[in-house]
Amino acid sequence: MPELPEVEVVRRGLSRWVAGRTVAFAEVLHPRAIRRHVPGAAEFAGRLAGRTLVSAERRGKYLWLPLAESLNGSEGPAGGIPADAREAPPAGEEHGAAEALLAHLGMSGQLLVVEPGSTLEKHLRVRLGFDDGGPELRFVDQRTFGHLLVSRLLPLERPVPEPIAHIAADPLEEAFDDEAFAARLGVRQTEVKRALLDQSLISGVGNIYADEALWRARLHGGTPTRALSRRKIDELLAAVREVMAEALGQGGTSFDSLYVNVNGESGYFDRSLNVYGREGEPCGRCGAPVLREAFMNRSSYSCPRCQPRSAT
DNA sequence: ACCCCCGCCTGGCGGC
DNA sequence: TGCCGCCAGGCGGGGG
C-alpha cells in the first residue's frame with residue numbers, strides 16, 4: 001500500500017531507469033487504468049509515442065514524468081544503456097515540457113522496469129516500450145485503484161499536472177508551510193486524523209502513517225483540530241516527517257508482495273510500525289495493549305494510555 | 001464554502 | 001472442500 005515514502009522510492013527508481021528515455025510505444029491492456037484520461041486509450045498511446053520522459057517528479061502520492069519532444073532528435077543505439085548515470089533536468093522548462101504522464105498507484109499499483117521479452121504480469125495494465133530497446137516500464141495493478149493519464153502541466157512556480165492542482169504540498173516539500181497548516185487547523189471543524197488524511201491540507205499521509213504519527217505525537221486521532229496548540233501541531237508535523245523519513249530510509253512499507261519498488265524489491269518498514277495493525281500487542285512505550293477502533297469503514301490503531309482522547 | 005462519507009474494485013482469507 | 005461475504009486502501013464527488 002504505497003504512501004509517500006513508497007512513492008518516493010518509486011520516483012527514485014523512475015529517475016534512475018526511465019528519465020531521459022524516449023517512448024517508442026504505449027500499450028493499454030486494461031481501459032480502467034487510464035479511466036481519467038478522458039480522450040481514451042488510443043489517444044493516450046498516441047500522445048506518448050515519440051515523447052521523451054524528461055524527469056520523475058512527486059507530490060504526495062502522485063508521480064509525474066514531464067514530456068518533451070524527443071531529446072536526441074532520433075533513435076538511440078539499440079540495446080541501450082539505462083539512464084542511470086544522469087539525473088535528468090527538473091520538471092519542464094529546460095525542454096519546454098508542457099505536458100506530463102501522471103500516475104497514482106492507488107493501493108496496489110506498481111511501476112516495474114523489466115526486460116522487454118519477459119513474461120507479462122497477471123495484472124499488467126499499461127506497458128511502455130522505449131526506442132533504445134532497453135527495459136520497458138510496466139504499470140501493474142491488481143485492484144485497479146491506480147491510474148495513469150497524460151495532462152497539461154500548469155505553468156506555476158513549480159509546474160504541476162492540472163488534475164492535481166488542488167493537492168496540497170506534502171510535508172517533505174520545501175514549499176510546505178507549517179504556519180499556514182497550523183492556521184487552517186485552527187479554524188477547521190474536524191478531527192486531527194481526518195485533517196491528516198485530507199489531501200487538500202497536507203498530502204501524502206495515508207492511514208498507516210497517520211496512525212504512526214499520532215502515536216509518536218501522543219495524540220488521539222479524534223481530537224478536534226481546534227483544541228491543538230501550535231506546539232502540539234509542530235510536534236505532530238515533526239512526527240509525520242520522522243516516520244516518513246524512517247520509512248524512506250528502509251525502502252518503504254510492505255505488508256505483502258503487492259507493493260514493490262520500481263525494480264520489484266519489497267520494502268520492509270512494516271517491522272518498524274508501532275501501532276498500525278498491532279491490535280492487542282503491547283505499546284512499545286507503556287505496554288498497554290494497542291486499541292483498534294472503527295474509522296470510516298476501516299480501522300484506526302492507537303495506544304489507549306499514551307493517546308488519551310483529551311490530550312492537546 | 002465547508003465537512004462528511006459513499007462507492008469504486010479485486011483478491012485473500014475467515015467462517016460456515 | 002467450496003463458497004460467501006467481509007476487508008483493505010485513496011480520493012472524487014455528491015449530499016447535507
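A, B, ... follow the sequence lines: proteins, then strands. Residue 1 opens every chain.
With salt bridges taken as basic N to acidic carboxylate O contacts below 4.0 Å, none links Arg184(A) and Asp198(A). Glu191(A) and Lys193(A) are not joined by a salt bridge, as no carboxylate oxygen comes within less than 4.0 angstrom of a charged side-chain nitrogen.
Between Phe176(A) and Phe181(A), the ring planes are tilted. Angles from 30° to 60° get that label.
Look at CD1 on Ile164(A): it is 15 Å from P on dG13(C), rounded to the nearest Å. Following rounding to the nearest Å, Met296(A) (CE) and dG13(C) (P) show an atom-to-atom distance of 16 Å. Atom CD of Glu121(A) and atom C1' of dG11(B) are 18 Å apart (whole Å).
Each of Asn297(A) and Val187(A) was matched to the nucleotide of DNA chain B holding its nearest heavy atom; the match closer to the 5' end belongs to Val187(A).
Within the nucleic acid shown, Tyr62(A) comes within 4.0 Å of sugar-phosphate atoms alone, with no base atom in reach, counting heavy atoms only. Among the protein residues, His166(A) comes within range of the sugar-phosphate backbone only, with heavy atoms under 4.0 Å from sugar or phosphate atoms but none that close to a base. The residue Arg184(A) sits apart from the nucleic acid: no heavy atom pair falls under 4.0 Å. Arg292(A) comes within contact range of the sugar-phosphate backbone alone, with a heavy-atom separation under 4.0 Å but no base atom that close.
To the nearest 0.5 angstrom, Arg292(A) atom CZ is 12.5 Å from Arg298(A) atom CZ.
Under 4.0 angstrom from either OP1 or OP2 of dC8(B) there lies no side-chain N or O belonging to Arg143(A).
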